[in-house]
2 protein chains.
Amino acid sequence: MAKPEQSGTVLTRDKLLEVAIDAFANAGYEGVGTRELAERAGTNLSAIRYHFGDKEGLYRAVIQHISQGVQDRMSPFIERIRSRTERPNVTREELIDSVCQLITGFASQLLASGVGDNWARLVVREQIKPTKAFDVMYSVFRLLLDGIAPIVAKIVGQPPDSEEVRICAMTLVGQALVFRTHRATALKFIGWNTLGPKQISELQTVLSKQCRAILTFRSR
Amino acid sequence: MAKPEQSGTVLTRDKLLEVAIDAFANAGYEGVGTRELAERAGTNLSAIRYHFGDKEGLYRAVIQHISQGVQDRMSPFIERIRSRTERPNVTREELIDSVCQLITGFASQLLASGVGDNWARLVVREQIKPTKAFDVMYSVFRLLLDGIAPIVAKIVGQPPDSEEVRICAMTLVGQALVFRTHRATALKFIGWNTLGPKQISELQTVLSKQCRAILTFRSR
DNA sequence: GTCTATAGTCGGATAGAC
DNA sequence: GTCTATCCGACTATAGAC
């Protein structure tokens with residue numbers, strides 16, 4: 001971010017960012033041109049250069065913005081769960097319940113169609129050919145995974161950095177992520193038309209049951 | 001496929017396909033040019049038009065080829081499981097074991113770095129903005145999901161087309177898929193450098209445990 | 001800060017020789 | 001069937017007026 005982050009009229013910058021979030025998510029980085037972005041934002045090509053340096057700078061700003069939003073909304077939630085599970089006299093049932101809440105909470109954040117609906121495409125792009133934006137994305141996943149892993153570790157009685165605990169945390173998250181990454185397949189298979197509040201709620205019920213099953217059965 | 005599917009020298013066509021699989025998977029559809037594809041295949045631009053009509057025709061051929069390969073390798077496996085689980089005197093333990101085998105079998109197919117390593121990118125592309133190639137992909141997923149859902153249905157005692165059973169099947173598959181779609185994140189979090197046979201094997205162990213937990217605990 | 005104009009490159013598609 | 005040569009539109013990046 002060497003370029004001027006401060007600007008008199010922030011409106012153009014914000015509008016550009018808003019348009020780019022939508023366009024990149026839906027068409028992919030290579031799928032949109034800077035001309036189209038500028039036009040859709042009601043401005044011109046040079047505005048991109050001025051505010052973000054170049055196309056990739058705008059892309060990084062998009063990733064940064066989305067990640068920051070997710071982080072802001074999830075941090076207090078995760079923190080609350082953490083403080084709850086770090087009490088000395090916490091019960092196993094509370095621990096299990098906490099993981100369920102983390103997963104279902106994440107699912108609703110992930111699936112509720114808010115700002116930047118289809119950014120799974122950008123996430124996967126970074127997974128396969130990581131750019132400078134990868135670390136930003138990773139830190140958000142890390143936030144969630146670091147919320148889950150220590151609790152799972154306590155439940156199964158293993159160190160939080162053991163491979164098994166971390167694989168387990170990954171798969172728990174994967175159960176929810178698949179509805180973003182393979183959304184069309186999931187909808188068609190289940191027989192849903194949309195992924196609205198009703199469907200998300202039903203999903204959360206199943207996710208919760210399964211998390212509980214995994215953690216309960218394993219801790220025996 | 002209106003263009004001549006038969007050709008004297010199939011070598012050029014195959015080479016083009018092979019190169020395109022790799023390139024599309026790694027750089028995305030919009031990320032590679034036809035010139036580059038032709039050059040990497042040791043041929044020229046016109047060969048693409050001749051063999052596949054246009055760039056999108058080549059893309060569809062890529063999806064078709066990969067899907068066919070996956071289908072060919074998975075079909076007999078799924079069929080074997082199916083015949084085993086449809087015996088009248090099948091035990092619940094056998095049913096649970098069958099689902100575990102389907103998931104771990106799928107995981108090894110999915111994660112073993114063979115032909116078309118990074119095609120998750122193309123899959124997700126189709127999920128967000130389905131093209132004509134979506135149906136081809138979907139039929140492969142359907143093959144697996146239709147292998148899993150009826151068995152899950154028997155275990156939990158619900159109809160195979162109930163929403164809960166289908167959501168469950170989706171999440172079971174999601175546990176494995178996340179290591180393809182979020183590979184870089186998974187590797188970094190777990191602390192692995194590669195996703196080799198040793199790691200896949202460890203993954204299968206955990207997946208198997210968790211499938212068993214989900215199905216065992218739910219059937220009570 | 002915001003704009004127009006333009007440079008330079010590369011995209012996919014095509015015509016036509018062999 | 002495979003090649004060369006070429007068209008034309010779209011891309012990113014930049015220079016410079018206001």
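Here is the naming used below: chain letters follow the sequence lines, and residue numbers restart at 1 for every chain.
- Spacing between atom CG of L45(A) and atom P of dA10(D) amounts to 14 Å, rounded to whole angstrom units.
- Looking at V173(A) and V178(B), their side chains never come closer than 4.5 Å, going by heavy atoms from C-beta outward.
- Electrostatic pairing of K15(B) and E18(B) counts as a salt bridge here, judged by a charged N lying under 4.0 Å from a carboxylate O.
- When the P atom of dA13(C) is taken as reference, atom CG of L58(B) falls 11 Å away, rounded to whole Å.
- Per the geometry, CG belonging to D14(B) stands 11 Å off P belonging to dT2(D), to the nearest Å.
- The number of heavy-atom neighbours closer than 6.0 Å to CD of E86(A), taken from other residues, nucleotides and ligands shown, is above 12.
- The closest donor-acceptor contact from the side chain of Q204(B) to the backbone of T104(B) lies under 3.5 Å.
- Following rounding to the nearest Å, E39(B) (CD) and dC3(D) (C1') show an atom-to-atom distance of 15 Å.
- The OH-C1' distance, from Y59(B) to dG11(C), rounds to 19 Å in whole Å.
- Spacing between atom CG of L37(A) and atom P of dA13(D) amounts to 12 Å, rounded to whole angstrom units.
- OP1 or OP2 of dT2(D) lies within a sub-4.0 Å distance of a side-chain N or O belonging to T12(B).
- Take the nearest nucleotide of DNA chain D for T34(A) and for T43(B): the residue whose nucleotide is more 5' is T43(B).
- You'll find that the side chain of D54(A) is closest to dA13(D), out of dG12(C), dA13(D), dT2(D).
- Looking at heavy-atom distances under 4.0 Å, I48(B) makes no contact with the nucleic acid at all.
- With hydrogens and angles left out, the side chain of R35(B) and the base of dG12(C) share a donor-acceptor pair within 3.5 Å.
- If you take CG of L11(A) and P of dG1(C), they are 13 Å apart, rounded to a whole angstrom.
- For R49(A) and dT14(D), the shortest distance from a side-chain N or O to OP1 or OP2 is below 4.0 Å.
- Interface remark: the S46(B) side chain does form a donor-acceptor pair with the dA15(C) base, using a distance-only criterion of under 3.5 Å.
- Between H51(A) and dG1(C) there is no side-chain N or O to OP1 or OP2 distance below 4.0 Å.
- In this structure, the OH atom of Y50(A) is 20 Å from the P atom of dC18(D), given to the nearest Å.
- In terms of heavy atoms, P150(A) sits closest to L145(A) at CD-O, 4.3 Å.
- The phosphate of dT2(D) has neither OP1 nor OP2 within less than 4.0 Å of any side-chain N or O from N44(B).
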